[in-house]
Amino acid sequence: MTIQFSTKIFPQADLRSSKQLKSSLKSLLTQTTDCLVLGYSKADFEGFAGSKGAKVKAGVLAELDSLLGGSVSHANVLGDLDGKQASVCLLRADKSWSGVKAKRILLLGMGDLHLTADQSLSAYVKVARAGLKALSGGAIENALWFAPSFTLSKISEMIAQEVRLTIQYAGDQAYRFGVRQPAMKFKAKDKADTFKHLVFAGNDACAKELKLAVEQGTAIVEGMHLAKDLGNLPPNICTPTYLGKTAQGLAKKTTLKVEVLGLKQIEALGMGSFLSVAKGSETPPQFIVMRHQGGKAGEAPIVLVGKGITFDTGGISLKPGEAMDEMKYDMCGAASVIGTMYSTALMKLKKNVIGVIPTCENMPSGKATRPGDIVKSMSGQTIEILNTDAEGRLILCDALTYVERFKPKAVIDIATLTGACIIALGHVHSGLFSDDESLVRDLSKAGQDSLDTVWRLPLDAAYHEQLKSNFADVANIGGRPAGSVTAACFLSRFTEKYKWAHLDIAGTAWKSGAAKGSTGRPVPLLVNFLLEQK
Ligand code: BES
Ligand code: MN
Ligand code: ZN
């Protein structure tokens with residue numbers, strides 16, 4: 001972990017009550033910290049700057065000004081304090097600050113985001129990101145973060161979400177490639193940020209909830225970092241074997257149980273479709289099963305299935321050369337499953353969750369599958385492979401049949417499945433496909449809560465027409481129209497025994513261009529989904 005997160009509880013701290021305001025501020029100011037981050041509202045600003053005839057100065061800024069010997073007034077006169085939402089104003093300690101141990105105070109404009117349980121998360125995140133940006137890249141090593149809403153005596157689900165999101169974005173900002181992966185240490189050229197420790201201040205009445213939210217947020221960041229590292233690693237290092245070893249490494253570090261099946265076992269299971277993709281490569285395929293047993297023994301698990309193509313050349317239906325390097329990211333579904341399983345174990349989630357990953361390379365060679373080949377899937381359905389570049393569905397379909405044995409409560413597969421999904425949704429939402437309304441609702445809500453959003457696309461029977469084959473039960477492509485939908489329709493033929501949803505993350509799992517790198521999505525979405533399951 002590059003940043004540590006923790007909590008510090010201040011008995012009866014409450015910035016809303018004028019009675020407690022002074023003593024709350026005093027106890028915060030006497031904390032030893034590089035920077036005290038203090039949220040103030042529009043009302044605090046008006047009470048201080050005296051908009052429209054306010055005579056009596058009141059509120060957080062006014063009280064603070066008197067404790068800091070006029071420092072806030074000084075900043076205001078200079079025009080540094082403007083009271084707008086997401087504005088920041090950094091005050092540095094000087095001689096007039098008597099008895100203050102904080103070296104700096106960062107005033108964070110919350111605007112009208114204040115003290116209500118029902119506030120907009122995206123507005124909050126804008127404010128939080130402005131604060132986090134101001135803390136990073138300089139000399140500040142640690143900070144005490146105090147938003148007035150964190151002192152509400154009963155912390156609402158919304159505020160817990162704000163804490164998790166603050167951590168999610170702080171972790172995102174602090175991510176550096178290679179620092180955790182021994183194989184890549186020599187490549188870590190980006191200097192680590194000096195900012196190392198973020199402490200959330202809270203009121204004793206909400207101490208337990210605050211601590212839990214911080215633990216959950218920290219676990220999400222750990223899972224995202226792992227998913228990002230796996231995505232960013234080059235394809236000559238991040239092979240199917242490497243993914244298997246990574247999963248086994250987690251079993252040593254956590255309570256996760258991990259099993260990795262090799263070629264012989266995959267053959268014995270009859271996964272003819274998966275093997276048809278793997279056979280063009282010199283690198284052996286792996287089938288990874290990760291279990292988190294946090295619920296009761298007999299409780300039906302939620303199963304996550306991730307596409308793990310460690311490099312997608314297209315096979316004999318070879319891809320064009322441009323940006324082909326980015327096909328190392330074709331295992332980001334697998335990376336998100338490994339990351340989510342890690343988060344789940346770290347937060348000791350009280351549910352049963354299983355992660356399943358079919359992983360191999362898609363290469364052209366004398367042994368590779370040809371367009372026109374027909375293979376038999378584990379389900380017994382035969383598949384006519386018309387395009388070897390539509391390989392994701394070929395490895396997923398056998399994994400989807402395999403997971404029937406778990407009698408799952410629900411199955412979600414995650415895959416960088418189609419370029420067509422990028423055309424449909426760009427890089428904003430992941431594509432969501434499901435006929436189960438409760439899964440659609442829960443995944444959409446988890447997406448909104450974690451700001452890792454999804455958008456539903458159709459899955460109607462009419463699209464199945466495009467997958468007809470004259471020679472086998474089904475073809476592996478359905479032509480150019482609605483390419484993401486026909487890919488999802490193909491998968492749906494293997495999911496009849498349970499509730500199922502498919503996430504196409506082709507547009508959201510990584511960024512191209514100057515900012516090339518994995519995003520860690522959809523780990524936040526999946527962890528929030530699991531947290532919110534009843
Ligand atoms: N991994 C790709 C999908 C992809 C392409 C994701 C570009 C992100 C960026 C997938 O295996 C693939 O090649 N899909 C084909 C399907 C087609 C042959 C029906 C595609 O999208 O072109
Ligand atoms: Mn492909
Ligand atoms: Zn692919």
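As the structure lists them, so they are numbered: ligands from 1, and atoms in each ligand from 1.
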So how far is it from Leu400 CG to Glu404 CD, rounded to the nearest 0.5 Å?
9.0 Å
Within reach of ligand 1, part of Asp389 (heavy-atom separation under 4.0 Å)
both
Given Asp504, Thr418, Thr486, Asn387, identify the one with the heavy atom nearest to atom 18 (C) of ligand 1.
Asn387
Indicate, as side chain, backbone, both or neither, the part of Ile422 found under 4.0 angstrom from ligand 1 when only non-hydrogen atoms are considered.
side chain
Could a heavy atom of Leu417 be found less than 4.0 Å from some atom of ligand 1?
yes
Nearest to the Zn ion (ligand 3) - the N/O/S atom of Asp312, by atom name
OD2
With heavy-atom distances below 4.0 Å as the criterion, list the atoms of ligand 1 near Trp510.
8 (C), 9 (C)
When you measure from the Mn ion (ligand 2) to the N, O or S atoms of Asp312, does any of those distances fall below 2.8 Å?
yes
Per residue Asp330, nearest N, O or S atom to the Zn ion (ligand 3) is named OD2
For atom 16 (C) of ligand 1, what is the nearest protein heavy atom, given as residue, atom name and distance?
Arg393 NH2, 3.8 Å
Just which atoms of ligand 1 are under 4.0 Å from any heavy atom in Lys319?
12 (C), 13 (O)
If you look at Glu391, which of its N/O/S atoms is nearest to the Zn ion (ligand 3)?
OE2
Should we say atom NZ of Lys376 is surrounded by more than 12 heavy atoms from elsewhere, each under 6.0 Å from it?
no
Is the Zn ion (ligand 3) under 2.8 Å from any N, O or S atom of Ile309?
no
Salt bridge (Lys or Arg N to Asp or Glu O under 4.0 Å) partner of Asp172, chosen from Arg129, Arg521, Lys133, Lys228
Lys228
Exercise: identify the closest heavy-atom pair between Ser343 and Val523
OG-CG1, 4.2 Å
Residues Lys307, Asp413: salt bridge by 4.0 Å N-O rule
no
Ligand 1-proximal atoms of Lys307, by part, heavy-atom distance under 4.0 Å
side chain
Going by a strict under-4.0 Å cutoff (protein heavy atoms only), does atom 22 (O) of ligand 1 have a neighbour on the protein?
no
